[in-house]
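What follows is a set of notes on a single structure, which appears directly below.
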Amino acid sequence: MAAAPAAAFEDVRFLGLATFDKLRVTDVAFLPSGELLVLDGSAAKVYVFGNNGEFRASIGTKGRGVGQLYKPTAIAVDVDSRILVADNGTSRITVFDRNGDFAFSFGSRGAARGQFRDIVSIESDLFGFIYVADKANSRVSRFARSGVLLDVIDLPSPPQDLALDLQLNVYVLMPELQQIQLWRMDGQRMGAFVPKPQNMLGRVTGFAVDGRGDVYVADRGTHRVLKFSRDGTRLVAFGSKGRGAGQFSSPGRVVAGPNRRVAIADTGNGRAQLYEIRGADKPRLATAPSVAVWRVERESDVVFGQGISDLDIDASGTIIATNATDGNVVIKTNPARKVGAPGRNAGQLRRPRGLAVAPNGQIIVADTGNHRIQVFDRNGFVRSFASRGSDPGNVNAPQDVIVGLQGYIYVADTGNHRIQIFNDQGILLTWFGAHGTEGAPGRFDSPTALQVDKQNRLYVLDTGNRRVQIFDDRGNYIDAVDGFEIPVDIALDEQDRLFVADQGCDCVHVYTADRRKLLSFGGPGSGPGQMVDPSTLLSFDSRVYVGSSGSQAIKVFRISNEGTLPEERLSYTHDYAVPAGTVGDLRAQLRREAFLVATAKIAGVLNMPVERIIDDARIVSERTVANGMVEMTLTVSKHAAPAPLAPAGAASRAPAQRVSSPR
């Protein structure tokens, strides 16, 4: 290594080795306590090592069964100290709790959304979202804590590794392009990290980003580790080929942990190495401002019977469904009741699709196969209106009905490519729309689903044109949401958020009331959050009900917004004694001890592990006061290191003294 002025280098301190015989290091990760996790891909185990590399325990057994690992390739730890292991042998993510016990797994093999073919990296951000890089599918997928798929970035080249910063930028190593690209999870490319020299990236198999935005890179070609600033300026490089401490053989993955600790998978030597790397003090990155944190969790299913085609809920909270296969309406009471029967006569149904519950409790059904609209109550048939034809007032294979705020009945006249509006007695009031496949406003290609929001705006699923069109209550065009693959149903929740079931991705897309994309969830399969051929949607009481014509169960998801987590800092003032005449190393030692005491107290206030606080705390001022006392003021982010979930029934902690609002 060429000589350079001492000031050009950061302080690199070797802490220890994590190793024993026949260890095959695949990936490394830190627990919040500072303990090191080493993934052995050959033995299919996770080994736990202490702060200085001493062996503590092992997690996992080899196999393809529930909770086992077969060919694990990557590991990460989330904000709840859960251990996330990516397993190519089973094409799934296996989750262990903070005690190392199996919690659940998700994923399956394939190229569809939510499936995996060659997982190369896994990470978790400060909000608990899980990110998975899939080399064979050339993408990064983001999942909720529960394993429900949320977003996908389709990449221009296969990834080799990924990392995250506090601003939720996703760094993706793409060796074929000699680039580390920066992405947002909405699919927007933010630029690239370009080290100097750039051509070294072809030899890199692992990298990490710390809380200050510095990038650590393992260069297997030169058997070194390099640290760069965000602009690509090299800060320090260390290591050489060999087996001694501070030497490497084809280093692989890198992880940046608490208290500026860095671990390197020294792959060729069958061990992990621990370092502390310190340079010029600089603040951590601020967390992403106003980041909405959404939870999507699978709840227990509601069993109906195969063939369910639409859902609604009445004023009592009872779920009511049409069954296209059996030709009836199912009322989910205990025991369940049914009205209607297969046939062509009054009160009989053929392939009924949509339904709506009117304010008076009557059930209005799109009797698709009989080309009419029928009305039932809980005792049976009441009346019908409309009949087959193309003139106004007639219908052709209607697939949905909805009741507006004034009690008017809107009908998706699917075969005639229009919307018709009737009063509550079935008398035609008006109609609008015509056939069109060029995406023109107000023209439809097989409208199949309807919803009305709190402003009495009508949402129409224009299936053939793969979009949702929005109109006022008189049929005047307002806006559209498009970009779907095979949309099959829509729903609105209490906040007028729009949900779109899309069979093209076996997922559900979610939009705000002003049509901004929030998230997507789902993916093909039977695991947590997965679904196959969703055909009907219902949103009620923060839950989303997803039905499939080929399944007897309605999948129930709970979606909650935990609010936004902007950067918010607390200040804390701590006094410590410095005897007169104290200088040099002793003064620095007293300052360091005071810093540790202060951060421990802050950790107690915020109910967080102290190891999470140490790396975030900033000393913003120090001044000498009377009698040899020094007043040190620190600030720490409340959200840079979220606290673990409190145990059920745990009492809240009282705030310690001298904690104030941010200064």
Side-chain angles (χ1 to χ4, degrees), residues 78-80 93 95 104 106-107 113-114 124-131 141-152 168 185-186 288 290-302 310-313 317 319 449 451-454 459 461 468 481 483-484 487-503 505-532 534-548 551 553-565 642 645:
D78 72 4
V79 294
D80 296 326
I93 306 301
V95 181
F104 67 95
F106 62 92
R113 283 173 54 97
S124 182
D125 66 19
L126 66 160
F127 301 133
F129 296 132
I130 302 167
Y131 301 71
S141 302
R142 182 171 69 161
F143 298 83
R145 300 181 194 211
S146 58
V148 175
L149 177 66
L150 301 177
D151 311 283
V152 173
L168 302 190
M185 281 311 303
D186 59 6
S290 299
V291 174
V293 182
W294 291 88
R295 279 181 183 256
V296 183
E297 296 180 290
R298 172 87 171 271
E299 294 190 345
S300 55
D301 299 340
V302 178
D310 199 15
L311 299 169
D312 204 352
I313 291 182
I319 301 176
Q451 288 288 306
V452 172
D453 69 10
K454 288 181 172 58
Y459 291 64
L461 177 57
V468 177
V481 181
F484 308 112
V488 291
D489 201 9
I490 59 176
L492 293 172
D493 69 3
E494 293 84 351
Q495 285 76 46
D496 284 338
R497 289 189 288 252
L498 172 66
F499 297 78
V500 182
D502 192 338
Q503 286 188 358
C505 59
D506 289 309
C507 67
V508 175
H509 308 289
V510 188
Y511 296 83
T512 62
D514 57 358
R515 276 81 71 189
R516 291 180 295 105
K517 178 74 175 289
L518 275 179
L519 68 149
S520 299
F521 66 92
S526 58
Q530 294 181 312
M531 57 192 75
V532 177
S535 59
T536 182
L537 273 182
L538 171 66
S539 178
F540 180 75
D541 192 25
S542 298
R543 290 172 174 81
V544 180
Y545 299 77
V546 183
S548 170
S551 173
I554 305 297
K555 299 180 185 296
V556 184
F557 299 90
R558 185 172 183 85
I559 297 182
S560 58
N561 182 358
E562 299 184 343
T564 58
L565 296 178
L645 296 177

Which pair of non-hydrogen atoms, one from F143 and one from L150, has the smallest distance, and what is that distance?
C-CD1, 4.0 Å

Pairing residues for E297 by the side chain to side chain contact (heavy atoms under 4.5 Å, CB included) criterion, not counting sequence neighbours:
S146, R295

Okay, side chain of S535, backbone of G547: is any donor-acceptor separation there less than 3.5 Å?
yes

Value rounded to 0.5 Å, distance of CG in L461 from CZ in F484:
8.0 Å

With side chains defined as the heavy atoms from C-beta onward, is the minimum distance between R298 and F106 less than 4.5 Å?
no

Check the pair V79, R145 against side chain to side chain contact (heavy atoms under 4.5 Å, CB included), reporting the backbone distance first and the verdict last.
CA-CA 10 Å; V79 294; R145 300 181 194 211; 4.0 Å; yes

Would F129 and L168 count as a side chain to side chain contact (heavy atoms under 4.5 Å, CB included) if you check the C-alpha gap in whole Å, the side-chain angles of each, and the deciding distance to 0.1 Å?
CA-CA 10 Å; F129 296 132; L168 302 190; 5.7 Å; no

The side-chain hydrogen bond (donor to acceptor under 3.5 Å, both in side chains) partners of D493 (sequence neighbours excluded) come to R497

Close side-chain approach of D78 and I130, heavy atoms under 4.5 Å:
no

Kindly indicate, with the supporting measurements, whether the criterion side chain to side chain contact (heavy atoms under 4.5 Å, CB included) is fulfilled by L498 and V500.
CA-CA 7 Å; L498 172 66; V500 182; 4.0 Å; yes

Going by side chain to side chain contact (heavy atoms under 4.5 Å, CB included), name the residues that satisfy it together with A553, two or more places apart in sequence or in a different chain.
D301, S551

The reported gap from CG in L538 to CD1 in I554 (rounded to nearest 0.5 angstrom) is 9.0 Å

Across all chains, not counting sequence neighbours, the side-chain hydrogen bond (donor to acceptor under 3.5 Å, both in side chains) partners of R558 are none

Smallest separation among heavy atoms of V152 and S141, with atom names:
CG2-OG, 3.9 Å

Suppose we screen for side chain to side chain contact (heavy atoms under 4.5 Å, CB included). Which residues come up paired with V532, at least two apart in sequence or across chains?
none

Do H509 and F521 have side-chain heavy atoms sitting under 4.5 Å apart?
no

Name all residues meeting the salt bridge (charged side-chain N to carboxylate O under 4.0 Å, His left out) criterion together with D502; count only those two or more places apart in sequence or in a different chain, and write none if there are none.
none

What residues form a side-chain hydrogen bond (donor to acceptor under 3.5 Å, both in side chains) with S124, not counting sequence neighbours?
none

Do the side chain of K555 and the main chain of V544 share a donor and acceptor less than 3.5 angstrom apart?
no

side-chain hydrogen bond (donor to acceptor under 3.5 Å, both in side chains) involving D506 - partner list, sequence neighbours excluded
none

I want to check something: taking the side chain as every heavy atom from C-beta on, are V508 and M531 in contact at a cut-off of under 4.5 Å?
yes

What's the verdict on side chain to side chain contact (heavy atoms under 4.5 Å, CB included) for E299 and Y545, showing C-alpha distance, side-chain angles and the deciding distance?
CA-CA 10 Å; E299 294 190 345; Y545 299 77; over 6 Å; no

Considering non-hydrogen atoms only, spot the tightest contact between P534 and V488 and give its length.
O-CG2, 3.0 Å

Taking atom CD1 of I490 and atom CD of Q451, what is their separation to the nearest 0.5 Å?
5.5 Å

Do the non-hydrogen side-chain atoms of K454 and E494 ever get within less than 4.5 Å of each other?
yes

Minimum-distance pair of heavy atoms, taken over all atoms of L311 and T536:
N-OG1, 3.6 Å

Taking salt bridge (charged side-chain N to carboxylate O under 4.0 Å, His left out) as the test, write out the residues that go with D496, two or more places apart.
none

Spell out, as yes or no, whether a donor-acceptor pair under 3.5 Å connects the side chain of D541 to the backbone of R543.
no

Residue list, ring-ring contact (aromatic ring centres under 6.0 Å, His included) with Y131, at least two apart or on another chain:
none

Write down the atom of K517, the atom of L519, and the distance for their closest heavy-atom approach.
CE-O, 3.3 Å

Mind checking side chain to side chain contact (heavy atoms under 4.5 Å, CB included) for A491 and listing every partner two or more places apart, or none if nothing turns up?
F499, L537, S539

Mark yes or no for whether Q530, through its side chain, and G522, through its backbone, hold a donor-acceptor pair below 3.5 Å.
no

